[in-house]
Amino acid sequence: MREQVRALRGTKDLLLKEARLWTTLEAKARAVFNAFGYEEIRTPVIEESSLFVRSLGAGTDIVEKQMFTFIDRGERSITLRPEATASVVRAYLENNLVNEIGFTKLFYMGPMFRAERPQAGRMRQFHQIGVEAIGSYSPHLDAEVIALMAALLDSLGVTGYNIKINSLGCPKDKKALSDGLRAALSNNVDNLCDDCKVRFEKNILRVLDCKNDSCRNFVRKIFKGTEECLCAECLSHFDTAKKALDGLKVNYTIDPYLVRGLDYYTKTTFEVTHRKLGAQDALGAGGRYDNLVEDLGGQAKGACGFALGMERTVMALEELPDISDGICVYFATMGPDEYRLAFNMAMELRTQGISCDLDYEGKSLKAQMRAADKLGAKYAAIIGEDELKNHTLTLRNMATKEQKALPERGFISEIERIFSK
Ligand code: AMP
C-alpha cells in the first residue's frame, strides 16, 4: 500500500460524534448571540499581514513568533488570521457599517492559526467563538459583553469557570503603567525569567502576567497592580462596569495584574479560566479596545469584545450536551426488488426532510440491522420477501424493539406523522 499523507502537526480532523457535538454547541451559541442582538460576520481567513502587525502590535508574541505568513505569487505578504478582532474591525470599516448601522454588534465562529508548539489545549489551527461590539464607550457595554460571555458558557454547559477582570486604563494610563513598571524593574531585571527579560525590552506589561512563580512573586512585591496608574475617568469607568456586573449578578474577581498580550486593549480587560484545563487554563479572553478603529483608519470608536477557544471549551465540559444524533429511518432489505423499493422510499422521505439511509455494500440483513444501530437510527424499516409479497413494511422502534407491520401504501405518511410530532 502507498504511504498515507497525514494531517499537519497541531491540526485535527473533526468528524462524526465530535463534529456533531461542535454543531450542537455552535447552535447553542447562535441562540445566545441572537438573544443579545449580535449578527454573524464571516471574514476571510487570509488577510494582508500589515493588518495584524498594525493592530496586535509589532512586539507581541503573536506577531513576532506565531503568525503563519507567506509571500504570495503577487509578492504580497499574507497571513493566516491568528485572531479575528482585527479582521472584524477591518470589515466594519471597509463595508461602511459605521454609517449603515452605527453601533454594531457582531459575532463570529471559525478557525484561527498560530505557529505555537502544540500541546494539550494548544493547537496550530484552533477555533474561536467571539463577539465584537463596535461604536460605544459605555462601561455598561463592558459589563454586558462579560455577562454575555458568562451566559454563553452557561448555555454551552461549562460550569466552574472563573472570570477575572482588570483595567489597563486609557493609552495615557497605559504609558504611565509601562513607565512606572520600567522604573520599578530597571535595577532588578536580573531577577526576572529569560522571557520576562525580553518582555522588559519589548512588551513590558506582559511581565505582569508571567506564569513563572519567581517572576510573579517578585513583581507582586514591587508593584501593587494597574489600578494605581488609572486616571479619574478610567477609574470611574471601571467602577461603573463593576457595579453593572454586580447588578447582573455575574461572578468575577479583580486581578490587578491581568494584562492582555495584544497592544490594542485599553480600559477593561478580562479572562476566563477553568481548572480542568491544566497549564493552558485560559478558556477565553477579551476587553475594550478604544483605539483600534482609529488605528486602522476609521473615526475613533469605542469597542469591546471577547473570544472563547472552542477546543478548550469542549475540554472544560463536565457533561456532554444531548447531541441530536442519529437518522430517523434505516431501511434494511433482503433482495434486489426490496432494495429498489427502499431506495425510492428513502428518497421520498429525504425530500420531506426526514433523514434516512440504507445499505450500499450488499450487506446481510443482520449486518444492515447492526448498521442501523451504529448510525443511531430511531426506526428500522425492514423489507423482506414476506413484506414484498404482502405489500407491507415492518417498522422496528430501535429503542423499544417494538415491531409492527405497516401497509406499503400508507408507510410514507405514517413516518411523516411520527416525525411531525
Ligand atoms: P487570545 O486570542 O490569545 O486571547 O485567546 C482566546 C482564547 O482562544 C484562549 O483563551 C484559548 O481558549 C483560545 N486559544 C488561543 N490560542 C490557542 C491555541 N494555540 N490553541 C487552542 N486554543 C487557543
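Counting starts at 1 for both ligands and their atoms, in listed order.
Contact residues for ligand 1 (protein heavy atom closer than 4.0 angstrom to any ligand atom): Arg114, Glu116, Gly121, Arg122, Met123, Phe126, Gln128, Arg260, Ala282, Leu283, Gly284, Ala285, Ala307, Gly309, Arg312.
Because its NZ or CZ atom is not both nearer than 6.0 Å to the ring centre of Phe107 and within 45° of the ring axis, Lys105 does not count as a cation-pi partner of that residue. Stacking of Arg396 on the aromatic ring of Tyr379 is not recorded, the 6.0 Å distance cut-off and the 45° axial limit not both being met.
Residues Thr268 and Ser167 bring no donor and acceptor atom of their side chains to less than 3.5 Å of each other. Side chains of Asn166 and Thr226: a donor-acceptor N/O pair is present below 3.5 angstrom, by distance only.
Heavy atoms of other residues, nucleotides or ligands lying less than 6.0 angstrom from CG of Leu375 number more than 12.
Contact annotation: the side chain of Cys356 approaches that of Phe331 to within less than 4.5 Å [non-hydrogen atoms, C-beta and beyond].
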